[in-house]
Amino acid sequence: MAERISTGLAVLGGLGVVAFVMMQVPAGWWGVLAANWPMLLLAAATVAALTISGVLRYRDGQSGLQVAEASSAPLPPDRPLRPLPTWVIPAGTVAVAVITWLAVWRLQGSVPAVGDQVERAKLRVESIRTGLTIGAGVTAAFALLLAFRRQQLAERTQQATEYDAGEKRVTELYVKAADQLGATKAPVRLAGLYALERLAQDNPAHRQSIVEVICAYLRMPYTPPDDQPTPEPDDQSPADGPAPAAGPTDVTGDSDKPAVDPREERQVRLAAQRILARHLRPTTPEKQPDPLYWGPKTTLDLPEAVLIDFDLRNCHLHNATFNKTHFTGTTQFVGATFSGDARFDGATFAEDANFGGATFKGDATFIEARFGGEAEFLNATFSGDAWFFRTGFNSKAEFFEAKFSGHQAWFFEATFSGKANFMHARFSGDAWFEGATFAKDAEFGRATFSGITRFVGARFSSDAQFDMATFSGTTSFGGATLDGKRYDGPVTE
């Protein structure tokens with residue numbers, strides 16, 4: 001809107017300048033201008049063309065400057081120019097000749113038929129000279145256009161050359177950094193990760209591919225080290241006793257390939273995780289736009305990866321795949337936003353997992369996921385379908401004030417070994433808890449069930465609280481049991 005307003009104001013200002021200039025022209029000149037209207041029209045067209053060309057070049061320069069400020073990546077060449085047709089030069093020559101002839105003919109016609117013959121001859125010569133001058137000016141203008149196009153082609157060629165050189169440099173850096181990830185020394189692998197990070201920051205077009213490389217690295221097989229440090233081997237000779245066992249940095253199997261120390265690899269993986277998290281947060285802690293943010297379309301593909309103390313708090317990303325991923329330590333998705341689908345099928349959370357305030361705009365699937373510690377979904381929002389088929393909650397499960405806005409929330413055969421808290425949860429669609437097992441208290445106080453609600457075959461081993469819960473749709477507790485006895489659901493007035 002602001003751009004349109006500025007354009008309109010610029011047009012009005014230009015018209016005002018033209019009107020002011022026309023008002024300053026003496027009255028006697030209007031007859032001369034009317035008699036020489038082709039020249040006036042040609043001059044106006046020339047000025048308009050030059051003005052439009054300058055405006056377009058300025059706007060292109062401004063857009064290129066903005067891109068350069070946002071990224072130091074080489075700029076791709078503009079749309080290639082189509083070659084000039086073969087008829088352009090002959091047509092231009094004919095146009096110049098016609099304009100020259102028209103100018104001479106018009107000026108010859110303006111010579112008075114009466115008066116001194118010598119004066120009339122001088123006027124005819126002057127008119128011919130003026131007509132040829134006009135023709136020369138048109139020829140110069142046509143030549144200027146050809147020279148401008150030739151200069152434009154040269155600039156395009158230079159731009160394409162610089163772009164190719166930049167792309168070649170990016171490719172070389174990319175290959176070198178990726179090769180460093182395969183090094184046996186942890187500092188070299190760290191250097192490769194940070195080189196990829198810098199490359200992605202400077203080249204937005206390559207960010208997703210670099211994210212995929214980092215994700216592929218995290219998907220590599222890895223066994224976290226024990227918490228206890230590896231004891232130092234005693235200084236003894238083979239004659240004094242058995243040789244010490246090979247440590248993680250000793251040569252194993254192949255004498256040319258030393259084993260990777262899992263403690264060092266842990267630091268490399270933590271660095272890779274921090275790189276991903278650092279560039280998935282759109283705002284700084286001060287709520288200002290973060291220049292390191294790589295955009296909301298970033299996709300994480302981490303199936304079967306081993307993630308350590310994974311922290312994506314307040315991160316925004318698109319699709320995320322964590323199928324059969326093993327999360328060790330505390331897992332943080334507090335305030336995270338998934339604009340696409342989030343898949344945690346078969347994922348294992350060894351300790352606490354916090355999804356408080358997370359937003360799932362697409363489908364969220366936790367099919368056969370296992371939560372070894374507390375699972376917190378306080379104030380989480382599920383805009384799509386939420387699938388918790390055969391999910392195991394081995395400790396406390398908090399869904400306090402969670403919002404299931406999708407068509408269905410599936411907790412089919414989910415197992416809650418600890419306390420399950422769904423107080424104030426809002427199910428805008430259907431809620432399916434068929435065959436779910438609640439080993440301890442199940443809290444559904446003040447929960448809102450707007451669609452079909454099914455607790456068929458659910459097993460409540462302890463207390464089931466549905467105080468002031470609202471069931472707007474069909475509700476079924478057929479086959480449900482409470483402490484081993486038949487349970488027909490809460491008593492509603």
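These numbers come from the heavy atoms of this one structure, side chains and all, not from hydrogens, waters or symmetry mates. Since we're looking at a predicted model, the values are computed, not measured.
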Crowding at CZ, Arg219 (>12 non-hydrogen neighbours, <6.0 Å): yes
Heavy-atom donor-acceptor pair, Asp352 side chain to Asn354 backbone, under 3.5 Å: no
Aromatic ring proximity, centroids under 6.0 angstrom, Phe388 and Phe371: no
Any donor-acceptor pair under 3.5 Å from Arg459 side chain to Ala480 backbone: no
Backbone of Ala200 reached by a side-chain donor or acceptor of Arg207 within 3.5 Å: yes
Plane angle bin for Phe333 and Phe338 - parallel if under 30°, tilted between 30 and 60°, otherwise perpendicular: tilted
Sole residue of Phe444, Tyr487, Trp432 in ring pair (Phe, Tyr, Trp, His ring centres under 6.0 Å) with Phe455: Phe444
Check: His407 main-chain N/O paired with Asp385 side-chain donor or acceptor under 3.5 Å: yes
Leu307 side, atom CG; Leu300 side, atom CG - distance, nearest 0.5 Å: 9.5 Å
Flag side-chain contact, heavy atom, 4.5 Å: Pro303 against Asp301: yes
From CZ (Phe433) to CZ (Arg454), nearest 0.5 Å: 13.0 Å
Ring centre gap for Phe449 and Phe422 strictly below 6.0 Å: no
Minimum side-chain heavy-atom gap Gln180-Leu190 below 4.5 Å: no
Pair Glu172 + Lys176, salt bridge at N-O below 4.0 Å: no
Pair Phe393 + Phe411: ring centers closer than 6.0 Å: no
pair Leu276-Leu218: side-chain heavy atoms closer than 4.5 Å: yes
Pair Arg263 + Asp261, salt bridge at N-O below 4.0 Å: yes
Output field: ring centroids Phe477/Phe466 closer than 6.0 Å: yes
Beyond-backbone contact of Gln288 with Thr283, side-chain heavy atoms, under 4.5 angstrom: no
Under 3.5 Å: donor-acceptor pair, side chain of Asp345, backbone of Ile367: yes
Geometric class of the Trp387/Trp410 ring pair [parallel <30°, tilted 30-60°, perpendicular >60°]: parallel
Gln273 side chain to Ile308 backbone, donor-acceptor under 3.5 Å: yes
Chi angles and distances behind the side chain to side chain contact (heavy atoms under 4.5 Å, CB included) call for Arg446, His424: CA-CA 5 Å; Arg446 298 183 182 272; His424 293 274; 3.2 Å; yes
Distance-minimising heavy-atom pair for Phe377 and Ala402: O-CB, 3.7 Å
Ion pair check, Glu197 and Arg278, cut-off under 4.0 Å: yes
Distance in Å, Leu280 CG paired with Thr298 OG1, rounded so as to fall on 0.5 Å steps: 5.5 Å
Beyond-backbone contact of Glu264 with Lys185, side-chain heavy atoms, under 4.5 angstrom: no
Non-hydrogen atoms of Asp311 and Ala277 that approach each other most closely: O-CB, 3.4 Å
Heavy-atom closest pair, residues Asp309 and Gly329: OD1-CA, 3.1 Å
Separation between CZ of Phe349 and CZ of Arg370, rounded to the nearest 0.5 Å: 12.0 Å
Short side-chain donor-acceptor distance under 3.5 Å, Glu162 and Gln158: yes
Met468, CE atom: more than 12 neighbouring heavy atoms under 6.0 Å: no
Side-chain H-bond candidate by donor/acceptor type, Asp441 with Ser462, under 3.5 Å: yes
Pairwise distance OG1(Thr284) to CG(Asn314) - rounded to 0.5 angstrom: 11.0 Å
Closest heavy-atom pair and its distance - Thr391, Glu368: OG1-N, 4.0 Å
Test applied, ring pair (Phe, Tyr, Trp, His ring centres under 6.0 Å); reference residue, Trp294; option that passes from His316, His279, His206: His279
Smallest separation among heavy atoms of Ser428 and Ser450, with atom names: O-CB, 3.7 Å
Pair Tyr217-Arg189, side-chain donor/acceptor within less than 3.5 Å: yes
Heavy-atom side-chain proximity of Ile210 to Leu199 below 4.5 angstrom: yes
Aromatic plane relationship, Phe344 with Phe322 - under 30° parallel, 30 to 60° tilted, over 60° perpendicular: parallel
Thr331 side chain to Phe327 backbone, donor-acceptor under 3.5 Å: no
Glu374 with Lys396: basic N within carboxylate O range, under 4.0 Å: no
Spatial distance of atom CZ (Arg198) from atom CD1 (Ile275) [nearest 0.5 Å]: 13.5 Å
Test item: Asn394 side-chain N/O and Ser417 main-chain N/O as donor-acceptor pair under 3.5 Å: no
Heavy-atom side-chain contact between Asp341 and Arg343 under 4.5 Å: yes
Any donor-acceptor N/O pair, Thr171 side chain to Glu167 backbone, under 3.5 Å: yes
Cationic N near anionic O, under 4.0 Å, Glu398 to Lys419: no
Exam field: side chain Ser339 to backbone Leu317, donor-acceptor pair closer than 3.5 Å: yes
Contact check, side chains of Val306 and Thr223, non-hydrogen atoms, under 4.5 Å: no
Heavy-atom closest pair, residues Ala439 and Ser461: O-CB, 3.4 Å
Residues Phe366, Phe355; criterion ring pair (Phe, Tyr, Trp, His ring centres under 6.0 Å); working and verdict: CA-CA 12 Å; Phe366 289 82; Phe355 288 82; 5.6 Å; yes
Intermediate values then yes/no, side chain to side chain contact (heavy atoms under 4.5 Å, CB included), Tyr174 and Leu196: CA-CA 7 Å; Tyr174 178 84; Leu196 287 174; 4.2 Å; yes
